[in-house]
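Heavy-atom basis, side chains included; hydrogens, waters and symmetry copies ignored. Values in this document were obtained by computation on a predicted structure and should not be read as measured data. Chain identifiers are assigned alphabetically (A, B, ...) following the order of the sequence lines, protein sequences preceding nucleic acid strands; residue numbering begins at 1 within each chain.
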Amino acid sequence: MSSPTSRSESEGASTSYALLCDGVRRWVHRNEWTALRDIQEEAVPLVLGGDRDLIVAAPTAAGKTEAAFLPICSSLVEDPPTQGLGALYISPLKALINDQQRRLEPLCEAIGIPIDSWHGDIPDRRKRRVREHPDGVLLITPESTEALFVNHGSAMSGLLGGLRFVVIDELHAFIGSERGRQLQSLLHRIELAARRRVARIGLSATLGDMQVAADFLRPGGGGDVAIVESSRDGRTLKVQLRGYLATPPKVDDGPMATASLEDLATGDQLEIANHVYEQTRGRDNLVFANSRRQVEQFADLLRRRCDRERVPNEFWPHHGNLSKSLREDVERMLREPTKPTTAVCTSTLELGIDVGSVSSVSQIGAPFSVAAMRQRLGRCGRRPGDASALRLYVSEQSLEPGARLQDDLREEAVQAIAVLELLIDRWYEPPVDGALHLSTLVQQILSTIAQHGGAKAGEIWRALCGSGPFECDQPTFSELLRGLAGHDVIQQAGDGDVILAPKGERIVGHYSFYAAFATPEEYRLVADGEEIGSLPISFSPAEESHLIFGGRRWTVLGVDHERRVISVRPSKAGRVPGFQGGGGEIHDGVRARMQEVYEGEEVPVYLNPTARRLLEEGRRAFRELGLDRRQMVERSPGAMFFPWAGDRVMRTLTLGLSLSGCKAHSEGVAVVAPGKSIVELAEALRETFVDGEPDAYAIASQAGALQTEKHHRLIDEALLARDFATSHLDVVGAIRSVTAVPGVGADDA
DNA sequence: GACCTGCTGCGGCGTG
């Protein structure tokens, strides 16, 4: 156990402790815990009951793992499973599995319960041992669970026949994604193979609406899921929002300056980097940025500042395109108490990987979501009595005649304030998941066929949709199957069973099949024979061009398009590469709060003078445009509509408008219709969203690229439009936002 | 102006 802290108030009064078996009690005692934590106290009897699904919601390091495993281990000792595994632990990250194995091994060893891990980095012989002698606890990823079904379908009943518990770590990280739906399907298929209901225990960060998480954990039975939430989250939050004004690039004045060979940082970026440097040096910190590009840019600026001061560098980038070994180096340095390290990172360090304790968290750029900001904040101030310290940096353009409207409105600063205010109010985006997830349904169909060697169409539908988590009716399912047959992926055998066709065999037979999500093709980046990371295929650098990557600067030696390898050597000049990839979506709640911030007069105390000025300027522009009285304005290049709604509604509005012949796009908080007057835009909105019955599928078909997920190329256009509508559109929200506009809404029409 | 995650089993060969 890393930090066996204790709480004295419940000492000696624990009834839950008395419920645990002798061996577990001895282990707790030997580790000098004088009492169970609140969530453990509550979870123990619920888990010991054995038939109750449960969500344990608490910040990282609150003892969630033990809340689940003290009673699970106790139960497995007192009542050993008749055959196979007793408990499964499913985690979204391999690193987390490794952390948890280290953490749980002493407990399991002490009471004689076998514990094993299974993921892509585990050697084959260990996996074989688990297959041949399944027993105790297994820690596994969703992808490896999928591989078990595909490759050992007939062995699953024996493996899982005695299974009593499934623990899902970081439950919130799964909700709403293709991977989340895959997990739900696997949970259901586990119960089908075990021929019994298995208690599901979700470990989660505190979320706004736990009922959504409960419905996710047990589709159709969320109401019966017990929820154990930590009451102990009363840490003080020290927050500062720092505003900056963009100034043109200026030549960096140091021995490392190589002005002619690089794209220069702008003045505001330099100021932000300098402030980060002064506030964080000498301790362990996390600095989050909104893109990998920014991560590289700021890591480079901070390293050069260290060079200039002739001190050892302690700033390292951490993002998804860096090689595993470079990332692990950074994680190791963060854990080392004697080596001050600041990681400049994307959401890679948002989940619960062990990075020790950090003394501050910074965020460069307005956060996209409150939940993610909360999660990032949870990574610091973890020792009792510590305050969480957050510094948030935003920069805005200098206002010149003809500036863009969103610059006038100081959108980024106001978004940052809105997110912070919601955070202080303890509001978080509720997770949503009403999507069809047809790509993942295709994966699960193929996997189910492979598991059984073939099955009747009706049986597959019942397993995945009828009794399983996919919300897909039989006619739609049949349409999907016909499409798969048309693509030569499946075929019908003589006995009527659906089996894999040769193309389907190839898809399922490749190891890339197990993941539900798609991965873009990339070039490997190699320096001196060592792989340092990867770059998107769209980034095709010329020889002798310069690159900033992994916190260092490189010159490109050559590009091997055949083998997809870029080789580089160290250099003094560099340029930040662009990465592809989509970011998060902004939720309705954030945009609604932004409107309130514009309309309000209060000035939050956590603003520095520049941030205060930005807020004043934004509010002034808001009033001057008349946005306090109306939602439409006319300004170059055309009419603009401010629905104060999230990205889904914005997308629905622009696509719906183009369906009725009015070309429109969204720019930040505004829907813009170039060349149109307010009257024309209002007319088009009314026509589409008030007078007519908007057809979500027709709106979806206006979107250019419908093939966004892994198996979409195997699905016909009409079904893809429905998939897109359920995952990317909000027609009800769009109608609501249009009808609310005076002069456009139904009441005024 | 934009995140992240994951990945098999087997047959054949050589060595201690």
Side-chain angles (χ1 to χ4, degrees), chain A residues 90-97 118-128 130-132 140-153 155 169-170 172-183 186 246 288-295 297 318-322 324 327 345-353 363-369 371-373 375-376 394-397 404 406-407 411-412 415 440 443 447 450 505-520 534 536 576 578-586 647 650 665-669 710:
Chain A
I90 303 181
S91 152
L93 298 176
K94 292 189 285 190
L96 219 48
I97 288 181
W118 184 314
H119 57 65
D121 300 340
I122 300 290
D124 192 43
R125 62 193 136 77
R126 267 178 68 189
K127 294 181 182 169
R128 200 171 313 183
V130 173
R131 282 205 306 274
E132 286 164 7
I140 194 167
T141 61
E143 288 72 19
S144 286
T145 311
E146 191 74 63
L148 269 175
F149 274 110
V150 169
N151 298 307
H152 305 281
D169 206 353
E170 308 274 8
H172 56 279
F174 285 107
I175 303 177
S177 68
E178 297 295 329
R179 203 180 185 202
R181 184 54 54 93
Q182 175 192 27
L183 173 71
L186 290 169
F288 288 95
N290 283 337
S291 70
R292 289 165 285 190
R293 187 189 154 79
Q294 278 192 310
V295 162
Q297 171 124 44
H318 192 288
H319 60 73
N321 280 71
L322 291 176
K324 189 179 149 92
R327 281 153 65 170
C345 56
T346 58
S347 50
T348 40
L349 290 179
E350 206 170 282
L351 292 186
I353 302 174
Q363 162 79 33
I364 298 175
F368 291 120
S369 101
M373 194 64 252
Q375 186 77 7
R376 291 175 178 192
V394 293
S395 48
E396 295 275 6
Q397 296 298 313
R404 299 178 319 153
Q406 44 269 72
D407 292 330
E411 255 184 54
E412 197 181 0
Q415 182 179 319
T440 301
Q443 183 209 32
S447 174
E505 296 272 10
R506 275 201 302 281
I507 294 172
V508 176
H510 195 264
Y511 63 81
S512 59
F513 174 71
Y514 311 123
F517 51 89
T519 320
S534 61
V576 188
F579 297 86
Q580 63 185 19
E585 287 201 329
I586 295 178
D647 284 340
M650 301 289 279
H665 61 273
S666 59
E667 276 177 31
V669 294
K710 189 169 180 177

Given atom [atom1] of [X] and atom [atom2] of [N], what is their separation to the nearest angstrom?
| X | N | atom1 | atom2 | answer |
| --- | --- | --- | --- | --- |
| A:Q406 | B:dG1 | CD | P | 9 Å |
| A:Q294 | B:dG1 | CD | P | 10 Å |
| A:I586 | B:dA2 | CD1 | C1' | 9 Å |
| A:M373 | B:dC3 | CE | P | 17 Å |
| A:Q297 | B:dG1 | CD | P | 13 Å |
| A:F368 | B:dC4 | CZ | P | 12 Å |
| A:D647 | B:dA2 | CG | C1' | 10 Å |
| A:I364 | B:dC3 | CD1 | P | 14 Å |

What protein N or O atoms touch nucleotides 6-8 of chain B N or O atoms at under 3.5 angstrom, if any, and at what distances?
{"residue": "B:dG6", "atom": "OP1", "partner": "A:K94", "partner atom": "N", "Å": "2.7"}
{"residue": "B:dG6", "atom": "O3'", "partner": "A:T141", "partner atom": "OG1", "Å": "3.4"}
{"residue": "B:dG6", "atom": "O6", "partner": "A:T519", "partner atom": "OG1", "Å": "3.3"}
{"residue": "B:dG6", "atom": "N1", "partner": "A:T519", "partner atom": "OG1", "Å": "3.0"}
{"residue": "B:dC7", "atom": "OP1", "partner": "A:G120", "partner atom": "N", "Å": "2.9"}
{"residue": "B:dC7", "atom": "OP1", "partner": "A:T141", "partner atom": "OG1", "Å": "2.8"}
{"residue": "B:dC7", "atom": "OP1", "partner": "A:S144", "partner atom": "OG", "Å": "2.8"}
{"residue": "B:dC7", "atom": "OP2", "partner": "A:G120", "partner atom": "N", "Å": "3.1"}
{"residue": "B:dC7", "atom": "O2", "partner": "A:Y511", "partner atom": "O", "Å": "2.5"}
{"residue": "B:dC7", "atom": "O2", "partner": "A:S512", "partner atom": "N", "Å": "3.2"}
{"residue": "B:dT8", "atom": "OP1", "partner": "A:K127", "partner atom": "NZ", "Å": "3.2"}
{"residue": "B:dT8", "atom": "O4'", "partner": "A:Y514", "partner atom": "OH", "Å": "3.4"}
{"residue": "B:dT8", "atom": "O3'", "partner": "A:N151", "partner atom": "ND2", "Å": "3.4"}

Partners meeting side-chain hydrogen bond (donor to acceptor under 3.5 Å, both in side chains) with [X] (sequence neighbours left out):
| X | result |
| --- | --- |
| A:Q294 | none |
| A:T145 | none |
| A:E178 | A:H437, A:T440 |

Listed by chain and number, what are the salt bridge (charged side-chain N to carboxylate O under 4.0 Å, His left out) partners of [X], not counting sequence neighbours?
| X | answer |
| --- | --- |
| A:E143 | A:R179 |
| A:K127 | none |
| A:R327 | none |
| A:R506 | none |

Using OP1 and OP2 only, check whether a side-chain N or O of A:R293 sits under 4.0 Å from B:dG1.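 No, A:R293 has no side-chain N/O under 4.0 Å of OP1/OP2 on B:dG1.
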Where A:V394 and A:G365 come nearest, the two heavy atoms and their spacing: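 Taking A:V394 first and A:G365 second, the nearest heavy atoms are CG1-C, 4.2 Å.
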Below 3.5 Å between N/O atoms, which protein atoms pair up with nucleotides 13-16 of chain B? Just atom names and distances, please.
none

Walk me through it: do A:T141 and A:Y514 pass the test side chain to side chain contact (heavy atoms under 4.5 Å, CB included)? CA-CA 10 Å; A:T141 61; A:Y514 311 123; over 6 Å; no
